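First up is the structure itself, then whatever we jot down about it.
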Amino acid sequence: MRFGWRAISGPVLAAAALLLAMLFDRLSPAPSPAPLLVCIVAFAGALAGLASAMTTAAVAVIGAALFFLNRHGVSGYGAADLVRLGLLTVTAVGTAGITGLMRERLLGTFAAERRSHATAARLSAALDQVDIGIVLLDAETRAEFINRAFRDYFAVPDQIAESKPPFIALMYHGRDTGTFELPEDELGTFIAQRMEMVRVGDATPINIELRNGEVLRFVCTALPDGGRMLSYTPVTDLVRHTDAPSRADYYRSLRDPTSRRLIRYLRVAE
């Protein structure tokens, strides 16, 4: 037990309550201080933990024994006083154990939450540094996280991104700001197809052409909790309008991290 004002406050309060009870009992018969002592034990456990609560309980039991001794003397120690003292002992120790352990558990939970929040903050900061647009959707397709790259690609203001908008609202925002390189009459079908892909968790990659000339590779990944992770990878340098259509598979193979497509392409080329 660390010694400090928190650790010693319980025992000090218990001792002070007992001294006052003894003083008042000399002037006129005072009620038993047992209920107040139990409350002080609970306070000590919530404030400083199990060790302080047990110390306070010990002070309370010893002080109560002295209180009864001061009132009746050794010869006047009756069975009723012993019963009261026993009940106080059981109650004080039980209260100390419960409140002390509950405090330890709550502190452990708070510490785990702080570590979790710190990890989430570091991850969020790291995702804001990459050039891949990332959107995390919950099971109801509301955006729980939108990284900086996505906001820049689709000109999403921070106040909108941080308001947890539904994915359909992000799609309509891209339409209204003229982000997509599509004719007006095709935008409705395009948005409906993207919404269906997200709804079913279709992981088929597609290319999205933006009006500023950039091309993003869109992939929807289904998450175990029912949410979705949407990634928008810039592939402008790999998917160019001037490339020969016959070499499209080659440029797609360069995106394969394991190079299996590239190997197959080279074998076919031989």
Side-chain angles (χ1 to χ4, degrees), residues 120 123-124 126-241 243 245-262 264-265:
L123 179 59
S124 175
L127 290 178
D128 277 336
Q129 302 303 314
V130 301
D131 62 350
I132 300 175
I134 300 292
V135 178
L136 297 180
L137 304 178
D138 61 16
E140 298 178 353
T141 70
R142 298 189 70 89
E144 293 185 322
F145 171 78
I146 301 175
N147 77 334
R148 179 57 53 188
F150 181 92
R151 303 183 191 193
D152 293 340
Y153 288 140
F154 296 95
V156 180
D158 290 344
Q159 60 267 27
I160 294 179
E162 294 169 2
S163 65
K164 296 186 177 182
F167 180 63
I168 185 66
L170 295 176
M171 296 296 296
Y172 284 144
H173 175 80
R175 180 200 64 180
D176 296 339
T177 55
T179 303
F180 302 110
E181 181 61 36
L182 283 173
E184 291 290 338
D185 57 347
E186 295 182 12
L187 281 173
T189 302
F190 171 78
I191 292 175
Q193 291 174 344
R194 299 294 77 74
M195 288 300 302
E196 181 64 15
M197 288 185 68
V198 171
R199 187 185 68 82
V200 301
D202 187 354
T204 303
I206 64 168
N207 291 338
I208 298 178
E209 298 180 4
L210 305 184
R211 193 172 296 277
N212 61 6
E214 292 189 88
V215 181
L216 303 178
R217 177 68 55 84
F218 169 79
V219 177
C220 173
T221 303
L223 302 178
D225 62 353
R228 301 287 186 266
M229 183 182 76
L230 312 181
S231 62
Y232 297 79
T233 306
V235 292
T236 309
D237 55 336
L238 300 178
V239 182
R240 295 172 296 202
H241 295 293
D243 291 334
S246 60
R247 294 175 62 82
D249 289 339
Y250 169 71
Y251 290 110
R252 294 191 186 98
S253 69
L254 296 179
R255 295 284 308 151
D256 186 0
T258 62
S259 299
R260 290 192 295 268
R261 293 181 182 176
L262 178 59
R264 288 198 298 268
Y265 175 83

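The chain is numbered in sequence order, starting from 1. Predicted, not measured: the structure shown is a model, and the values here were computed from it.
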Going through the checks in order, is the side chain to side chain contact (heavy atoms under 4.5 Å, CB included) test met by Glu162 and Arg151?
CA-CA 11 Å; Glu162 294 169 2; Arg151 303 183 191 193; 3.8 Å; yes

Pair listing, side chain to side chain donor-acceptor pair (under 3.5 Å) test, anchored in residues 134-149, at least two apart:
Arg148-Asp158

Residue pairs passing the side chain to side chain donor-acceptor pair (under 3.5 Å) test where at least one lies in residues 189-205, sequence neighbours excluded
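Those involving residues 189-205 are Glu196-Arg199, Asp202-Thr204.
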
Supply the atom-to-atom distance Leu137 CG to Arg228 CZ, rounded to the nearest 0.5 angstrom.
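Result: 8.5 Å between the selected atoms.
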
What distance separates Phe150 CZ from Leu230 CG, expressed to the nearest 0.5 Å?
7.5 Å

With a sphere of 6.0 Å drawn around CD of Glu184, does it hold more than 12 non-hydrogen atoms of other residues, nucleotides or ligands?
no

Are any of the side-chain heavy atoms of [X] and [Y] separated by less than 4.5 Å?
X      : Y      : answer
Tyr153 : Ile208 : no
Asn207 : Val235 : yes
Glu181 : Leu210 : no
His173 : Pro157 : yes

With a 3.5 Å distance limit and no angle check, can you tell me whether Thr236 reaches the backbone of Val215 through a side-chain donor-acceptor pair?
yes

Taking ring pair (Phe, Tyr, Trp, His ring centres under 6.0 Å) as the test, write out the residues that go with Phe218, two or more places apart.
Tyr232

Search all heavy atoms of [X] against all heavy atoms of [Y] and return the closest pair with its distance.
X      : Y      : answer
Ala169 : Pro165 : CB-CB, 4.3 Å
Val130 : Ala149 : O-CB, 3.6 Å
Cys220 : Met197 : SG-O, 4.1 Å
Ile134 : Ser231 : CD1-CB, 4.0 Å
Met171 : Phe180 : O-CE1, 3.8 Å

With distance as the sole criterion, is a donor-acceptor pair present between the side chains of Thr179 and Thr177 under 3.5 Å?
yes

Phe154/Leu216 under side chain to side chain contact (heavy atoms under 4.5 Å, CB included): CA gap, chis, key distance, verdict
CA-CA 11 Å; Phe154 296 95; Leu216 303 178; 3.9 Å; yes

